[in-house]
Amino acid sequence: MVIKMAGKTVSERLKIEDIMPTRSFSLERVRNIGIIAHIDAGKTTVTERILYYTGRTYKIGGVDEGTAVMDWMEQERQRGITITSAATTSHWREHRINIIDTPGHVDFTAEVERSLRVLDGGVVVFDGVAGVEAQSETVWRQANRYHVPRICFINKMDRVGADFPRTLGMIEDRLHAKYIAVQLPMGSDESFHGVIDLVTEKALSYDGKPDSEPVEVAIPEEDREAVSHYRQMLVERVAEEDDEAMEAYLEGKTPTVTELKAALRRVTLAGKGIPVLAGSALRNKGVRLLLDAVIDYLPSPLDMPPVQAVNTRSGDQVQRAVDDDAPFAALAFKVVSDPFVGRLVYFRVYSGKIKAGAQVLNSTKGHKERLGRLLLMHANRREDVDSADTGSIIATLGLKGTFTGDTLCDSSQSIILEAIRFPEPVMSIAIEPKTKADQDRMVEALHKLADEDPTFKMSFNDETGQTVISGMGELHLEVIVSRLLSEHRVSAQVGKPRVAYKETITTAARAEGRFVRQSGGRGQYGHVCIEIEPLEGGGEFQFVDKVKGGAIPKSFILAAESGIKEALATGVFAGYPMVDVKATIYDGSFHEVDSSEMAFKMAGSMALKNAVAKARPTVLEPIMKLEAVTPEEFLGDIIGGISSMRGHISAVEPRGETSVVHALVPLAETFGYSTDLRSVSHGRATYSMEFHKYQELPSGKASQFEEAAK
């Protein structure tokens with residue numbers, strides 16, 4: 001019945017949805033999945049086809065035409081890329097599938113991070129020509145970090161240069177994952193017309209029309225050898241990772257389709273193997289089989305281990321069972337300022353059940369809040385529901401004090417779930433309102449944007465009087481400014497991008513800070529001795545108290561620590577935040593009458609500055625991992641251009657008729673690189689970047705920073 005849903009009339013489809021309401025699904029029939037990949041691999045196109053075939057939409061949206069349902073923001077439709085993750089719910093084979101379509105551009109990696117934190121499974125989409133790309137590796141590592149089982153869909157098999165076996169090899173070599181091919185493409189390039197299912201050993205042909213059913217055909221003679229090889233590999237790889245399948249394999253039994261699917265599901269859920277499918281979402285080939293694979297191989301909430309949490313009262317580790325009858329526990333993972341309904345908070349329910357209007361505890365912030373309406377989201381459209389059960393991904397109104405990463409729970413059983421970690425911004429620009437009215441609107445708008453995006457920061461520079469906004473890259477800041485101007489109607493002038501440099505020290509040093517003021521009456525006295533050293537293994541800051549014999553009271557030690565932290569935040573050497581520093585306070589003195597917390601705060605700051613001057617300070621700059629794809633004839637020019645940017649070429653890899661240049665390049669040198677690359681390659685080369693690490697500036701450059709700071 002469901003397979004043919006796309007061919008039904010609108011009224012027939014509505015009847016199907018009427019008999020399958022959101023609340024009617026048991027937990028084993030729920031799938032929470034994310035569509036993740038490198039930019040331009042076809043994630044949104046895959047999602048649009050899924051929505052069509054599951055009856056969620058009645059017209060296929062297109063990315064290029066700006067009609068994609070999931071790319072609803074004005075900036076997304078203008079640029080043809082996904083900027084913000086969008087959630088929706090659909091139905092397939094009497095299962096409920098909650099889907100989050102995520103961005104592929106590295107500047108919006110936080111959207112992927114927070115989505116993966118609350119999802120149970122992932123569909124990783126690869127471009128059949130490009131294979132595993134830079135951001136593919138990033139999202140794969142993110143999925144590994146959250147132990148998300150996943151399946152792969154090799155898309156665009158109809159493009160010239162698409163190579164299924166080569167992409168399988170790249171999954172193994174670059175992602176260090178054990179692929180298990182469950183399908184093979186029939187034909188290649190423009191002749192790609194279907195897939196061979198290795199589990200059922202059936203060949204399905206497609207005519208490319210959205211509403212046409214796949215037709216079962218005989219396996220082509222030229223594909224029989226490959227089918228035999230990959231089918232044997234499928235059985236062997238499953239047997240290697242599953243005891244039950246291994247026992248049957250050693251006994252020489254041929255597994256049935258049901259047995260093979262069950263074993264493949266167990267291997268996938270354990271993270272020991274990755275089923276790989278093929279198709280072309282744009283040509284409507286293979287998407288129904290992808291939906292079947294989501295149901296067959298990806299986990300329900302019941303398949304995931306109980307969520308771990310910390311009891312806020314005892315500090316003990318606790319678990320929450322995946323059960324509607326368990327105490328309520330949810331994680332807020334996204335905040336959106338909706339122009340029509342106000343502030344929306346998205347959350348994932350890990351245990352328990354909650355009704356609209358109920359009171360919950362924000363255990364992260366320590367205060368109670370009342371839920372407003374509960375909304376089932378379909379991109380930017382909303383559907384009211386009465387309650388949210390375990391496994392739901394839902395949005396609500398009314399939570400004014402809840403932010404990304406906060407835990408919502410039953411107030412009688414307070415717990416905190418693991419928060420979401422986000423990377424620090426690497427680029428900044430100054431922004432100034434044109435009028436006084438714009439000033440007020442701008443501050444309010446920036447606060448709303450910062451609520452939505454944890455990787456976007458704003459600050460006020462007291463020295464220059466400028467508002468400084470920081471983000472993950474040029475495109476990120478460009479989109480923020482565009483939203484400021486178009487959505488929030490703020491007229492503002494924007495400065496040039498600036499790199500988020502940091503400072504550190506390279507050797508240990510000791511110094512003292514003595515703050516003494518006497519101007520009649522009670523004076524001020526604070527005196528501390530500290531030692532600073534580089535923090536091995538990196539880290540923001542570490543403070544150690546080694547004061548003995550009560551030389552300084554505890555409250556004054558805390559004040560000195562506060563002064564040290566403030567000095568680190570504003571920088572000592574060149575005015576940038578200082579990181580990777582361990583500070584140990586080991587001695588000092590105080591006065592019974594004149595000492596105060598303020599005096600010791602000043603003494604701590606002075607001691608830190610004096611010690612840094614002796615500890616050979618230096619400046620750190622962000623280094624980006626750059627991947628440029630170019631036709632062979634422009635390779636030399638592109639390598640030369642990267643070298644002139646202080647870049648280090650780490651590898652040059654042939655990929656079909658193109659070459660891929662892997663390099664590490666300082667972020668400061670990459671401004672305007674997209675224009676230079678287009679110019680050199682006549683618009684035929686492309687590139688992507690992601691943050692790699694902070695690295696010490698060359699000595700000549702560091703001295704320039706010191707002079708500028710002076």
Side-chain angles (χ1 to χ4, degrees), residues 1-4 25-33 46 50 53-54 90-97 120-124 148-154 164 168 171 177-186 194-204 213-214 216 219 223 226-279 285-304:
M1 177 184 71
V2 183
I3 294 286
K4 296 181 180 179
F25 294 89
S26 58
L27 271 173
E28 62 267 17
R29 291 184 175 272
V30 173
R31 300 289 183 271
N32 291 318
I33 66 164
V46 168
I50 286 174
Y53 288 126
T54 57
S90 59
H91 306 118
W92 185 256
R93 275 175 39 189
E94 298 181 357
H95 286 67
R96 184 173 93 200
I97 307 177
D120 299 326
V123 176
V124 187
V148 176
R150 67 216 82 147
I151 60 178
C152 295
F153 182 68
I154 301 179
F164 187 78
L168 291 178
I171 290 172
K178 176 176 276 191
Y179 71 80
I180 302 176
V182 295
Q183 290 177 4
L184 289 181
M186 281 198 298
V195 296
I196 302 166
D197 190 319
L198 296 172
V199 177
T200 60
E201 295 186 279
K202 293 179 180 179
L204 298 172
E213 297 294 322
E216 187 176 333
I219 295 174
D223 290 328
V227 169
S228 176
H229 169 72
Y230 279 102
R231 164 75 182 189
Q232 182 65 23
M233 183 186 292
L234 165 63
V235 173
E236 289 177 355
R237 290 199 165 196
V238 169
E240 286 171 6
E241 303 297 343
D242 183 74
D243 292 340
E244 195 175 320
M246 174 60 82
E247 188 177 334
Y249 180 78
L250 293 175
E251 291 174 1
K253 294 179 181 177
T254 301
T256 65
V257 170
T258 303
E259 290 170 342
L260 192 53
K261 281 187 175 181
L264 190 52
R265 178 179 179 81
R266 291 193 296 270
V267 170
T268 306
L269 297 188
K272 296 178 179 179
I274 311 291
V276 182
L277 298 85
K285 298 175 182 178
V287 178
R288 289 185 180 93
L289 292 177
L290 174 62
L291 277 164
D292 287 339
V294 167
I295 302 302
D296 291 337
Y297 307 129
L298 290 181
S300 73
L302 286 174
D303 295 312
M304 304 303 289

**Asked** Looking only at heavy atoms, which two atoms of Ser300 and Arg265 are closest? And how far apart?
**Response** N-NH2, 4.0 Å

**Message:** Can you give me the closest heavy-atom contact between Ala293 and Leu277, atom names plus distance?
**Reply:** CB-CD2, 3.7 Å

**Complete:** For Ile196 and Met186, the nearest pair of non-hydrogen atoms, with its separation, is CG1-CG, 3.4 Å

**Request:** Using a strict cut-off of less than 4.0 Å between a Lys/Arg side-chain nitrogen and an Asp/Glu carboxylate oxygen, indicate whether Arg93 and Asp296 qualify as a salt bridge.
**Result:** yes

**Prompt:** Is any NZ, NE, NH1 or NH2 atom of the basic residue among Arg288 and Glu213 found under 4.0 Å from an Asp or Glu carboxylate oxygen of the other?
**Reply:** yes

**Message:** Main chain of Tyr179, side chain of Arg237: is a donor-acceptor contact present, judged purely on distance under 3.5 Å?
**Reply:** yes

**Message:** Please give me the minimum heavy-atom distance between Ala181 and Tyr230, naming the atom from each residue.
**Reply:** CB-CD2, 4.1 Å

**Request:** Please assess Asp197 against Val182 for the test side-chain contact (heavy atoms from CB on, under 4.5 Å), listing each intermediate value before the final yes or no.
**Result:** CA-CA 6 Å; Asp197 190 319; Val182 295; 5.5 Å; no

**Request:** Would you indicate whether Glu247, at its atom CD, is surrounded by more than 12 heavy atoms from other residues, nucleotides or ligands within a distance under 6.0 Å?
**Result:** no

**Item:** Gln183 and Pro275, any side-chain heavy atoms less than 4.5 Å apart
**Value:** no

**Request:** Can you measure from NE2 (His95) to OG (Ser90) and round to the nearest 0.5 angstrom?
**Result:** 12.0 Å

**Fill in**
The side-chain contact (heavy atoms from CB on, under 4.5 Å) partner of Leu298 among Ile97, Asn32, Val123 is Val123

**Asked** Does Leu198 offer a backbone N or O that forms a donor-acceptor pair with the side chain of Arg231 under 3.5 Å?
**Response** yes

**Prompt:** More than 12 non-hydrogen atoms from neighbouring residues, nucleotides or ligands closer than 6.0 Å to NZ on Lys178, yes or no?
**Reply:** yes

**Message:** Nearest 0.5 angstrom please: Met246 CE to Glu241 CD, how far?
**Reply:** 8.5 Å

**Message:** I need the minimum non-hydrogen distance between Val238 and Ala263, along with the two atoms involved.
**Reply:** CG1-CB, 3.5 Å

**Message:** Does this structure show an ion pair linking Glu244 with Arg266, if we count only N-O contacts that are shorter than 4.0 Å?
**Reply:** yes

**Asked** Do you know the tightest heavy-atom contact between Asp223 and Ile219?
**Response** CB-CG2, 4.4 Å

**Student check: side-chain heavy atoms of Val294 and Trp92 closer than 4.5 Å** = no

**Request:** Indicate yes or no: at least one non-hydrogen side-chain atom of Val276 is less than 4.5 angstrom from one of Phe164.
**Result:** yes

**Asked** Stepwise, does the side-chain contact (heavy atoms from CB on, under 4.5 Å) test hold for Ile274 with Ile171?
**Response** CA-CA 9 Å; Ile274 311 291; Ile171 290 172; 5.6 Å; no

**Item:** side-chain contact (heavy atoms from CB on, under 4.5 Å) between Lys261 and Val257, intermediate numbers included
**Value:** CA-CA 6 Å; Lys261 281 187 175 181; Val257 170; 4.1 Å; yes

**All side chain to side chain donor-acceptor pair (under 3.5 Å) counterparts of Arg29, not counting sequence neighbours** = none

**Request:** Take Arg31 and Ile295 through the test side-chain contact (heavy atoms from CB on, under 4.5 Å) and record every step on the way to the result.
**Result:** CA-CA 7 Å; Arg31 300 289 183 271; Ile295 302 302; 4.2 Å; yes

**Request:** Take Lys253 and Glu259, measure what salt bridge (charged side-chain N to carboxylate O under 4.0 Å, His left out) needs, and give me the verdict at the end.
**Result:** CA-CA 11 Å; Lys253 294 179 181 177; Glu259 290 170 342; over 6 Å; no

**Asked** Rounded to the nearest 0.5 Å, how far does CD1 of Ile180 lie from CD of Glu240?
**Response** 9.0 Å

